[in-house]
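The structure appears right after this line, and notes come after that.
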Amino acid sequence: MIPFDLTSWFRRRMLPLVMLAALVMQVSAPTAYYLSKRHELWQEARAEAGRTAMLLHGEIEQRPILWRYNIPKLLERLATEGMLYDRYLVIRTSTGQAVPLDTAPAPSRPLWGRAEVRLGGETAATVWVALDMAPLLRATMQLTIGFAGLAILLAVVLYLVPVHTVSIAQKRITALLGELALTIQEEDRRRIARDLHDGAGQAMTAARLRLQALSATGSEPEAVAEISKLLDNAIGEVRRSVYTLSPPALTELGLAGALRHHCETFAAATGLKVFCEQDELPTLRPKVETACYRIVQEALANSARHAGARRAWVQLRRQDDELQLSIYDDGVVSSEQLTEGVGLLGIRERAKLLGGHAEITIAPEKSLRVEVSIPL
Amino acid sequence: MAIHRPQQAARYDETVRLAALLTLLLSVGVGCTGDLPPPSPRPAIAIGSPDPDAIHISGTGAMTPLMTLLAEEWTRRGSIPHVLIEESIGSGGGIRATYDGAIDLGMVSRPLSSEELRLGLVQIPVGQDVVALVAHPGLGTDEVSAEELPALYRGERTRFANGAPAVPLLRDRSESANAALDRIVPGLQAAREQAYRQRRHRVLYNDRAMAEAIASTPGSFGVFSLSWLLAYRLPLKVLRLSGVSPSPDAVLAGRYRGSRELFFVVRKERLPRTTALLDFLRSPEVNVLIRSHGYLPARQESAP
């Protein structure tokens, strides 16, 4: 297992970044649009003010004092001739007095453009033209709403795709670590089995040979017979342990043969009638073979030990890209036995470490049913 | 592992927050372009006369010829103060300039609006101006009917009843001569408004421009001051309107109703310095002078 939740950690790091990216996307395009259009509008207002100032120039030259009282008529003429648009205009004399005008109503959100009427090097009047920014603000708002939708979409994609990828990676790493753990476990088992066989087993066999030689001398026959019996028991125990830790049948016969052999020997040893059915299987990874073998071992042992079963069935099938292993019997188990058993937990753990899963249930007739799926 | 170190994680979060803050500041701080709005205006009213040695007069162009002639008579007699006739600024401009104190007497050729009446200016009648339809001297007709005139302005007809080509010219909307003819030609105002909207005909903005446009455009005709025409002896043709020849006598006789009142507006404070001139304008000899230049003196009753 990975020592920390990589997906959660990645989520926490991604979330602010994704939100920032979404914010930048939502804000940048409408802002650029607004700035550009506002600048255009300002230029238009200034151009309009400049044009009006140019037209005022002649009027002021003609009527140096009373020009401001003739402006409404001048503007009407200019508007009729299409030289001025219907804009909100403000004109001030050089002394800051207002020029009475009858122009368009003042816009609610004005953007001002300004121009001066220069006469003899001095400012004779100043013209302001106000353009309405409300349509621009509306358009920018609409653009912002549109980009908000896009930003949300982008944020969802930017967030979900990497998080999903990391989640898959985490699962894969977990599976690989599980396989590694199994491998190490099996290696340890094999090493312990080898050490038992080569160490304690050989020593006890040597001791028994010496004991046989001692019995030939005829001294202490009863003690020798007792020690001999104890040694035989010990050698038998060591052999069984070696067999359990590292079943030689799996190496010698493959999974199918080892399972068949185990079912036969288990039936012979326990009296449980075991039916073993297997599909033609491709070459499996050693870890998968070992896991299947161990699961069958554990499940049959449970049937024999706790369920009081008389018959058990082992089925190994391939379905699509999965290996499906089913073990069930005709015994009776309680739900407490199902939850508490260490062996059953081991079955689940083995399946999980190989990326599969195990379902251990009690059938309606109270018999135990183990169903394991392992990806090939 | 390194990624679990709280200091590094905190730095990372700080960087992201700072970037977000900068983005927000940028978006809030943008859009400060544009010129400053105009400052509040200063009051324009000047109670005292800007020029104590002269009486400044301006306003409607319809009164300019008359006042120029009368000012010449006033000067010829050696009267003081001097009278200065400024460039025309229209009736509205004259009223506003009088109120602001920029001029002493404002020349007006239309009734004051309710807003203008509230300014409290004194109105002094001067006379009446006869308004007529005036045409290019080479126009192929001497008469136009009240029925065909709106159709000519609307563009539904391009020729007079006798087949002569017609080129209507318009004065600006605020011209008081328009209202004088509207009283005697039904539907003319609506036809003229339609023509303004559709920019169907050329629009002139003062009497001088109108006179020049009519004189230089064959087939053209338009509303014009008959008194102006007579005062300056312009070589233009005066059209009969539905058989009636416009003239001061026709107005007096009640045969023709195309006339407009001419009067001065003055601030009460300026009345004392203009009294002598106003008395002169009301004198019998000046009334004769007014009549001789094609205007009707104020003292005479106009026809209904």
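Proteins come first, then strands; the chains are lettered A, B, ... in the order of their sequence lines, and each starts at number 1.
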ask   = For chain A, which of B:Ser174, B:Gly92, B:Ser40, B:Ser88 has the most heavy-atom pairs under 4.5 Å?
value = B:Ser88

task = Could you tell me whether B:Gln198 atom CD has more than 12 heavy atoms of other residues or ligands within 6.0 Å of it?
result = yes

task = Under 4.5 Å heavy-atom distance to chain A, tell me which part of B:Arg96 shows up: side chain, backbone, both or neither.
result = both

key: B:Asp100 side chain reached by A:Gln97 side chain, heavy atoms, under 4.5 Å   = no

remark   = CD (B:Glu175) and NZ (A:Lys73) are apart, to the nearest 0.5 Å, by 6.0 Å

request  = Tell me, out of B:Gly90, B:Pro37, B:Ser58, who's got the most heavy-atom pairs with chain A below 4.5 Å.
outcome  = B:Pro37

inquiry  = Looking at A:Arg63 and B:Ile89, would you say the former's side chain and the latter's main chain have a donor-acceptor pair under 3.5 Å?
reply    = no

inquiry  = Working to the nearest 0.5 angstrom, can you tell me the gap between B:Glu86 CD and A:Ile65 CD1?
reply    = 5.5 Å

remark   = On a heavy-atom basis, the closest approach of B:Ala97 and A:Leu66 is CB-CD2, 4.3 Å

key: Heavy-atom neighbours of A:Met25 CE exceed 12 at 6.0 Å   = yes

message = More than 12 heavy atoms of other residues, nucleotides or ligands under 6.0 Å from CZ of A:Arg109: yes or no?
response = no

inquiry  = Counting only non-hydrogen atoms closer than 4.5 Å, does A:Arg92 touch chain B with its backbone (N, CA, C, O), its side chain (CB onward), both, or neither?
reply    = side chain

ask   = Does NE2 belonging to A:His164 count more than 12 external heavy atoms closer than 6.0 Å?
value = no

inquiry  = Report which part of A:Gln43 has an atom under 4.5 Å of a heavy atom belonging to chain B: side chain, backbone, both, or neither.
reply    = neither

message = So for B:Arg202, is it side chain, backbone, both, or neither that comes closer than 4.5 Å to the heavy atoms of chain A?
response = neither

query = Should the heavy atoms of other residues, nucleotides or ligands under 6.0 Å from CZ of B:Arg208 be counted, would the total exceed 12?
reply = no

inquiry  = Just verifying a value: how many Å separate B:Thr15 OG1 and A:Leu20 CG, rounded to the nearest 0.5 Å?
reply    = 11.0 Å

ask   = Does A:Trp128 use its side chain to pair, donor to acceptor, with the backbone of B:Leu36 at less than 3.5 Å?
value = yes

